Amino acid sequence: MAAQATSPAPTAPAVRAARPGSTAPAAPASRTAPVASARPDARPGARPGARPAPASPAVSSERPTAVLAVIPARGGSKGVPAKNLAAVGGVPLVARAVRECRAARLVGDVVVTTDDPGIAATARGAGALVVQRPPAIAGDTATSEAAVLHAMDAYEAMSGARVTAVLLVQCTSPFLTSEDIDGVAAAVVEEGADTALTVAPFHGFVWRAEEDFGPVGASDDLADVRVRDRPAGDAVLPAQLSPRRTMPSAVTTLDPTAPTAPAAPAAPAAPAAPVRRPTPPPPAASTAPAAPAAPATPPTSGPREAQVAPAAPSVPPAQATPVPPAATSAVPATAVTPAAPATAAAPASAAQPPGGRGPTDHPGNPGTHGSQAAPSHPGAHGVNHDKSHRPRRQDRPQDLLETGAAYAMRADGFRAARHRFFGRIRLVRTDAARVLEVDDPHDLARARALAPLFDGPATGAVPTRADIDAVVMDFDGTQTDDRVLIDADGREIVAVHRGDGLGVAALRRAGLALLILSTETNPVVAARGRKLQVPVLHGVDRKDLALKRWCEEHGLAPDRVLYVGNDVNDLPCFDLVGWPVAVASAHDVVRGAARSVTSAPGGNGALREIASWLLGPSL
């Protein structure tokens, strides 16, 4: 255990410092060293420079080790197109994830595995290594595990290092922090867990509609048995919810290999399914089908009465009395001798909870509010609670929700299991307020609204007034939505955003140099410039040369110029200025090359947003 706790933590950073002069093969070293040395520590969220390696004979004689963070980010997202490049707080989601991984204390290198060139460009710009993901593991049905395993192999081949612990970090969790990443990494690297994941306290009452389970008597029977057999208020969580534990500290360990004593009593509950079928229960007709079900469950617990008694009417008492030897000690002989009517009624009354409600609450089942008539509308039932009992929050055991943001795994165990959960599992609590996964446009809108609260004051992700002396704006696709209306006479008409006009006016009043730069020859560009009182250069073939001359003529340092654009013809200008900015609707490659990305698309207030970066929300 001591070796687990000490070896990975110091050696991962040490490998970087020692790699150029190490005994590892020259080719792998040369491929990874530039990435480590080129990381701009001044960039927001960047980690400090490589720490010197402590003297250790093991490092020189053995293959270097590494703690690797892998961020899967494919380009074919469906719910939100180009989701991993969507900007939250002015920073693409994939760049946010890279930033937090690089700021984590225990992470050695960060790899983004992707099939998309725009994501690859953004990841490299944020300081990550990039692994090209093969098409076979980049489709809609590909698993994150497959991408991580491939990235581990590619990284080891590229760097010459041996991965001892691997992190799976999802860039769709925009408010993941470096502390969360260090928490799961420390659980594996320093505390001996096999795998760890981020969780958050969860207090909700989870319900499911009956139609989600199919017909009564099918899969929902099993779900109801679980709810019925648990104490009131106990949690029975679906697969996506973490197993409920009362946790004394921020970290809890679960061991799936340990014996699970509470699971044993669940077996005798299976014969309850025939009782729940929506057929009326006359004494003779309804109990006859239950006879074959009795031997199916080993008679190991008290509910044996309910299992055997329904068979009494069809079996003579002389044949029903003998009990198998294995069950004799656990089940009294009197359990099978009472008359059928009395015994059949006993389980129903015994199962009644306070208030006279039956053990389940499905339409057409016995015990449903005392009625056996099947209503025409679907029902619902509680998943992590007994619906007949509503405890106070402080009286309920603590449920924990898997956040989906960060996982850490011991590398050799992960390769063997090929799944993120194995061995001793450690739960690392995170701030529930920051839990958000971007899966659809509504999630993205919420993330953008919350970013100012969670990100705090701008720390370099977006520019401030102190960073900028001039703002240069593209026209089509930046001040418009890139569409053109053409009338019957061939005249072109475009739409602009009044909020952009307000933002540009504020920038002009603040004393910033402004320019509209466009390749478009249409006079509408000049007309917009006159309206905004901003000089215009349009009909320009080489925008980069025109921008360079304009900066020289006005005595402006290009590194203090903000240029905002949307398409590939803006990329040469991006290379000239200190603050290349892409609008949200820009081409993927352009967003990947940008230093910041607006939340608003072109023609929908992107310039107003940039003005708020520089001058504040109230301008």
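A quick note: this is a predicted structure, and the numbers were derived from the prediction, not measured.
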Query - Other residues, nucleotides, ligands: >12 heavy atoms within 6.0 Å of His419 NE2 - result: yes

Report task. Applying salt bridge (charged side-chain N to carboxylate O under 4.0 Å, His left out), run through Asp467 and Arg595 and close with a yes or a no. Result -> CA-CA 13 Å; Asp467 301 317; Arg595 189 170 179 181; over 6 Å; no

Query raised in the report: Backbone N or O of Leu547 within a donor-acceptor pair of the Arg542 side chain at under 3.5 Å?
Result: no

Query raised in the report: Passes salt bridge (charged side-chain N to carboxylate O under 4.0 Å, His left out), Asp474 versus Lys543? Steps please.
Result: CA-CA 10 Å; Asp474 179 36; Lys543 296 171 73 172; 3.1 Å; yes

Report task. Name all residues meeting the salt bridge (charged side-chain N to carboxylate O under 4.0 Å, His left out) criterion together with Arg465; count only those two or more places apart in sequence or in a different chain, and write none if there are none. Result -> none

Report task. Measure from the side-chain N and O atoms of Arg434 to the backbone N and O of Phe175, and report whether any donor-acceptor pair falls under 3.5 Å. Result -> yes

Query raised in the report: Would Asp440 and Arg446 satisfy salt bridge (charged side-chain N to carboxylate O under 4.0 Å, His left out), going step by step from the backbone distance to the final call?
Result: CA-CA 10 Å; Asp440 59 41; Arg446 285 199 301 151; over 6 Å; no

Query raised in the report: Between the side chain of Asp182 and the main-chain N/O of Arg105, is any donor-acceptor distance below 3.5 Å?
Result: yes

Expected list for residues 533-541: side-chain donor-acceptor pairs under 3.5 angstrom, two or more places apart:
residue : atom : partner : partner atom : Å
His538  : ND1  : Glu520  : O            : 3.0

Requested in this report: Using distance alone, with no hydrogens and no angle criterion, decide if Glu145 and Tyr407 have a side-chain donor and acceptor under 3.5 Å apart.
Outcome: no

**Report entry** Backbone N/O of Thr430 and side chain of Thr198: donor-acceptor pair under 3.5 Å
**Finding:** no

Query raised in the report: Can you tell me if Asp180 uses its side chain to pair, donor with acceptor, with the backbone of Leu176 under 3.5 Å?
Result: no

Query raised in the report: Pairs in or reaching into residues 599-619: which pass side-chain hydrogen bond (donor to acceptor under 3.5 Å, both in side chains), with residues at least two apart or in two chains?
Result: none

Report task. Look at the side chain of Asp489 and the backbone N and O of Arg491, then say whether any donor-acceptor pair between them is shorter than 3.5 Å. Result -> no

Query raised in the report: Can you find a heavy atom in the side chain of Val70 that is under 4.5 Å from one in the side chain of Leu168?
Result: no

Query raised in the report: Looking at Thr113, Thr114, Val98, which one forms a side chain to side chain contact (heavy atoms under 4.5 Å, CB included) with Ile71?
Result: Val98

Query raised in the report: Is Arg528 salt-bridged to Asp500, going by a charged N under 4.0 Å from an acidic O?
Result: no

